[in-house]
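Heads up: the structure comes next, in structure tokens.
The sequence lines fix the lettering, A, B, ..., with proteins before strands; numbering per chain opens at 1.
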Amino acid sequence: LSARAACRLETLGFAEIYDYVPGKVDWLAHNLPVEGERAAPPTAGRLMRDDVVRCAAGDRVADVLDAIKDSPYTFALVTDETGQLLGRVRGSLCSESDRQRPAGEVMELDPSTVRPHRSAETVAKRLADKDFKWAIVTTPEGRLLGVAWREDLKSAASEG
Amino acid sequence: MPTSIGLEKLHELVGAGAQLVEVLPAQEYRQAHLPTAINLPLGKLHESEVAVLDRTRAVVLYCWDAL
């Protein structure tokens with residue numbers, strides 16, 4: 001639609017026209033604010049928390065495990081300096097011999113993620129189906145935004 | 001020739017005063033739209049309707065997605 005609209009405006013004499021091709025869904029997928037009657041629906045992005053342990057790939061596993069122990073999670077998320085999600089370190093999968101290694105060597109490379117505009121109901125169901133407690137929320141480019149808890153999503157979905 | 005842009009350029013243009021236009025139907029706009037965007041559905045892009053736009057400023061259009 002927007003490409004045709006841009007051509008139409010050009011026909012009408014407008015000189016400087018841009019087409020934000022990824023569109024509204026891209027905006028929502030970056031967890032950016034919107035206006036309107038349904039501007040604040042219960043979504044993973046609205047409900048996520050920002051208290052998960054973040055570490056760098058070069059951080060020592062022993063230090064990461066200590067941080068995990070002091071957190072409500074069983075894992076830490078490895079990011080680069082821009083916040084890009086690189087992997088996940090799960091405490092239960094680390095052995096004593098891993099403690100002196102860098103997190104980047106023991107992290108799982110493929111933790112599943114969700115986009116922030118996904119509805120609380122959808123994500124809660126997905127987590128329940130897999131018996132997961134948490135969903136890692138990232139932008140479409142993979143930048144870490146936070147972690148949504150199944151109990152929070154379920155509660156919001158039932159209220160909504 | 002209209003220029004295709006992504007999110008970063010969108011922020012830049014809006015920050016510089018570009019006009020943001022959602023071309024989806026009014027009902028979809030009412031539910032949720034980007035901050036400061038106005039609604040000019042594609043089917044209503046006539047000379048009289050676009051008179052609300054400032055021709056001296058950049059215009060950024062968007063719909064739902066790239067499809």
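Hydrophobic clustering, with ILVMFWY side chains joined whenever heavy atoms are under 4.5 angstrom apart, groups B:Ile38 together with B:Trp64. Taken together through direct or relayed side-chain contacts under 4.5 Å among Ile, Leu, Val, Met, Phe, Trp and Tyr, A:Leu1 and B:Val21 form part of one hydrophobic cluster. A:Val137 and B:Leu7 are assigned to two separate hydrophobic clusters, defined by single-linkage of ILVMFWY side chains at heavy-atom distances under 4.5 Å. In the hydrophobic clustering of ILVMFWY residues, with side-chain heavy atoms under 4.5 Å counting as a link, A:Phe14 and B:Val52 come out together. Grouping the Ile, Leu, Val, Met, Phe, Trp and Tyr side chains by contacts below 4.5 angstrom, directly or via other members, places A:Val25 with A:Tyr18.
Under the 4.5 Å side-chain criterion, counting only non-hydrogen atoms from C-beta, B:Val59 is in contact with A:Leu9. Considering only heavy atoms from C-beta on, B:Ile5 stays 4.5 Å or farther from A:Val21 through its side chain. Put simply, the side chain of A:Tyr20 does not reach to within 4.5 Å of the side chain of B:Leu61, judged on heavy atoms.
A 6.0 Å sphere centred on CZ of A:Arg8 holds more than 12 heavy atoms belonging to other residues, nucleotides or ligands. Applying the 6.0 Å contact sphere to CD of A:Glu121 captures no more than 12 heavy atoms from other residues, nucleotides or ligands.
Other cluster members for A:Val147: A:Val52, A:Tyr73, A:Phe75, A:Leu77, A:Leu85, A:Trp134, A:Ile136, A:Leu144, A:Trp149, joined by side-chain heavy-atom distances under 4.5 Å among Ile, Leu, Val, Met, Phe, Trp and Tyr. Under a 4.5 Å side-chain heavy-atom cut-off, the cluster of Ile, Leu, Val, Met, Phe, Trp and Tyr residues that includes A:Val89 is completed by A:Val61, A:Val64, A:Leu65, A:Ile68, A:Val78, A:Leu86, A:Val106, A:Met107, A:Leu109.
With chain A as the partner, the residue from B:Met1, B:Glu28, B:Arg30 showing the most heavy-atom pairs under 4.5 Å is B:Arg30. Annotation: maximal heavy-atom pairing with chain B below 4.5 Å, among A:Ala15, A:Ala6, A:Ala3, occurs at A:Ala6.
Remark: B:Glu22 engages A:Lys24 in a salt bridge, criterion side-chain N to carboxylate O under 4.0 Å.
A distance of 10.0 Å separates CG in B:Asp65 from CG in A:Asp26, rounded to the nearest 0.5 Å.
Only the side chain of B:Leu10 comes within contact range of chain A, judged by heavy atoms closer than 4.5 Å. Contacts between B:Leu13 and chain A at a heavy-atom distance below 4.5 Å involve the side chain alone, from C-beta outward. Looking at B:Thr36, only its backbone comes within 4.5 Å of chain A, counting heavy atoms on both sides.
The aromatic ring centres of B:His33 and A:Trp27 sit 6.0 Å or more apart.
Within residues 28-37 of chain A, the residues having any heavy atom less than 4.5 Å from a heavy atom of chain B are, in residue-number order, A:Leu28, A:His30, A:Leu32, A:Pro33, A:Val34, A:Glu35, A:Gly36, A:Glu37.
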Side-chain donor-acceptor pairs of residues 41-49 of chain B under 3.5 Å, sequence neighbours excluded:
from, atom 1, to, atom 2, distance (Å)
B:His46, NE2, B:Gly43, O, 3.4
B:Glu47, OE2, B:Arg55, NH2, 2.6

